[in-house]
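Computed from a predicted structure; not experimentally measured. All heavy atoms count here, side chains included; hydrogens, waters and symmetry mates do not. This chain uses plain numbering: 1 for the first residue, then up along the sequence.
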Amino acid sequence: MKQLLLVVTCLALWACSSGDDLPVDVDTSYVEHQLSFMEMQSGKHWVEVEYVRDMDHLLMLHETFKKVGYKHLLDYEYYLDMNPCLLFGYVNHSLENLLDSLTLTYKQDSIDTKYYTEFWQRREKEGNDFAVYKVLKEVKAIYMEGKEERIAINISQVNDTLLQLLTMEYVDEINDATALQHFNYLVAIGLHQSAYNLLYERAAYQYINWDREALRQQLIESDEGEWVWFGDNTK
């Protein structure tokens, strides 16, 4: 899943983590309800996704990712060593270095490095600086300090729909019964194009023993192009 904020958080990582699964804005054959967080599936570069600049949205995403389990979503060694998309083209540091430096420079009156000064000035201007600091600090604790089990989850901020979608995407094993549950859930919440893609266009579901044509008859067709949650990852 999917490549988030203007920082090296779970959100930046979300964007880099499963780009092959990210659909772009294309014409679809079936209706796809546009969930509040669907912009993250728009194919935009993560720094352009306005949704995650909002403090409440950012905290919701973070608490939901914690509920799923960051280490279940993102590979520890790979992401700590990577340079997260070469931020703005000139911050050539590993994720580990950025997490450490950004948390240390929050609310500091004197910062030697221009990037960190401007970074926190932008966050303050957007009104999300505390939320960004909380995410960075907890992601650092999870990946660099091994404290995932000791970080409390604010259940009131967890989005149940996103939690279910992420659980579906990162399930360890998909059998016939699980696949049908996934299909029925997508239909129930109005993600019919995603449900169609489970039937025909998702690699993890291609060997499921189900009556694809009968299930397809449950889906509502649409002529409008929408952002799709589960895209085609078989091509």
Checklist entry - Can you tell if the side chain of Leu35 reaches within under 4.5 Å of the side chain of Leu191, non-hydrogen atoms only? => result yes
Item to check | Spatial distance of atom CD1 (Ile142) from atom CG (Leu99) [nearest 0.5 Å] | outcome: 10.5 Å
Checklist entry - Can we call the ring centroids of Trp227 and Phe37 under 6.0 Å apart? => result no
Next on the checklist: Count I, L, V, M, F, W, Y as connected when their side-chain heavy atoms are under 4.5 Å apart, and connections chain through other members. Are Tyr207 and Leu198 then in the same cluster?
Outcome noted: no
Checklist entry - Are any of the side-chain heavy atoms of Thr161 and Tyr185 separated by less than 4.5 Å? => result yes
Next on the checklist: Let's go through Arg216 and Tyr30 carefully: what are the C-alpha distance in whole Å and the side-chain angles of both, what is the deciding distance for side-chain contact (heavy atoms from CB on, under 4.5 Å) to 0.1 Å, and is it a yes or a no?
Outcome noted: CA-CA 10 Å; Arg216 187 182 68 81; Tyr30 298 93; 3.0 Å; yes
Checklist entry - Between Phe130 and Tyr106, is a side-chain contact (heavy atoms from CB on, under 4.5 Å) present by the stated rule, with each step listed? => result CA-CA 9 Å; Phe130 177 74; Tyr106 179 57; 3.9 Å; yes
Checklist outcome for this item: Between Val132 and Arg123, the two heavy atoms sitting closest are CG2-CD, 3.7 Å
Checklist entry - About how many Å separate CG of Leu199 and CD1 of Ile208, when rounded to the nearest 0.5 Å? => result 10.5 Å
Item to check | Test item: Glu32 side-chain N/O and Trp229 main-chain N/O as donor-acceptor pair under 3.5 Å | outcome: yes
Item to check | Between OG1 on residue Thr167 and CD on residue Gln164, distance to nearest 0.5 Å | outcome: 5.5 Å
Item to check | Distance-minimising heavy-atom pair for Leu162 and Met60 | outcome: CD2-SD, 4.0 Å
Checklist entry - Is Arg202 close enough and on-axis enough to Tyr200, meaning under 6.0 Å and within 45°, for cation-pi? => result no
Checklist entry - Where the side chain of Thr105 meets the backbone of Leu102, is there a donor-acceptor pair that is under 3.5 Å apart? => result yes
Checklist entry - What do the steps show when you test Trp210 against Asp176 for side-chain contact (heavy atoms from CB on, under 4.5 Å), and what is the final call? => result CA-CA 7 Å; Trp210 50 13; Asp176 292 354; over 6 Å; no
Item to check | Same apolar cluster: Phe119 and Met55, side chain cutoff 4.5 Å | outcome: no
Next on the checklist: Hydrophobic clustering (ILVMFWY, side-chain heavy atoms < 4.5 Å, transitive) - are Ile153 and Ile151 grouped together?
Outcome noted: yes
Checklist entry - Is the NZ atom of Lys67 crowded by more than 12 outside heavy atoms at less than 6.0 Å? => result no
Item to check | pair Asp100-Lys140: side-chain heavy atoms closer than 4.5 Å | outcome: yes
Checklist entry - Looking at side-chain heavy atoms only, is the closest gap between Leu165 and Leu186 below 4.5 Å? => result yes
Next on the checklist: For the residue pair Asn197 / Ser194, report whether a side-chain donor-acceptor contact shorter than 3.5 Å exists.
Outcome noted: no
Checklist entry - Is the distance between the ring centroids of His192 and Phe183 less than 6.0 Å? => result no
Item to check | Path from Tyr70 to Tyr170 over hydrophobic side-chain contacts below 4.5 Å | outcome: yes
Item to check | Validation row: Phe65, Leu166 side chains within 4.5 angstrom (heavy atoms) | outcome: yes
Checklist entry - Does the pair Lys107/Asp129 count as a salt bridge with the N-to-O cut at 4.0 Å? => result yes
Checklist entry - Would you say Leu163 and Leu59 are hydrophobically clustered, going by side-chain heavy atoms of ILVMFWY under 4.5 Å? => result no
Checklist entry - Between the side chain of Thr64 and the main-chain N/O of Asn159, is any donor-acceptor distance below 3.5 Å? => result yes
Next on the checklist: Checking Gln193 against Ser29 for the side-chain contact (heavy atoms from CB on, under 4.5 Å) test, could you report, in this order, the C-alpha distance in whole Å, the side-chain angles of both residues, the deciding distance, and whether it holds?
Outcome noted: CA-CA 7 Å; Gln193 181 64 43; Ser29 300; 3.9 Å; yes
Item to check | Pair Glu126-Arg122, salt bridge (Lys or Arg N to Asp or Glu O under 4.0 Å): steps then yes or no | outcome: CA-CA 6 Å; Glu126 293 171 351; Arg122 287 193 296 270; over 6 Å; no
Checklist entry - When you measure from the side chain of Asp211 to the backbone N and O of Ala214, does any donor-acceptor pair fall under 3.5 Å? => result yes
Next on the checklist: Is the ring pair Tyr51/His57 parallel, tilted or perpendicular, if the boundaries are 30 and 60 degrees?
Outcome noted: parallel
Next on the checklist: Check whether Lys137 reaches the backbone of Thr103 with its side chain - one donor and one acceptor, N or O, closer than 3.5 Å.
Outcome noted: no
Checklist outcome for this item: dist Ile189:CD1 -> His33:NE2 (nearest 0.5 Å) comes out at 8.0 Å
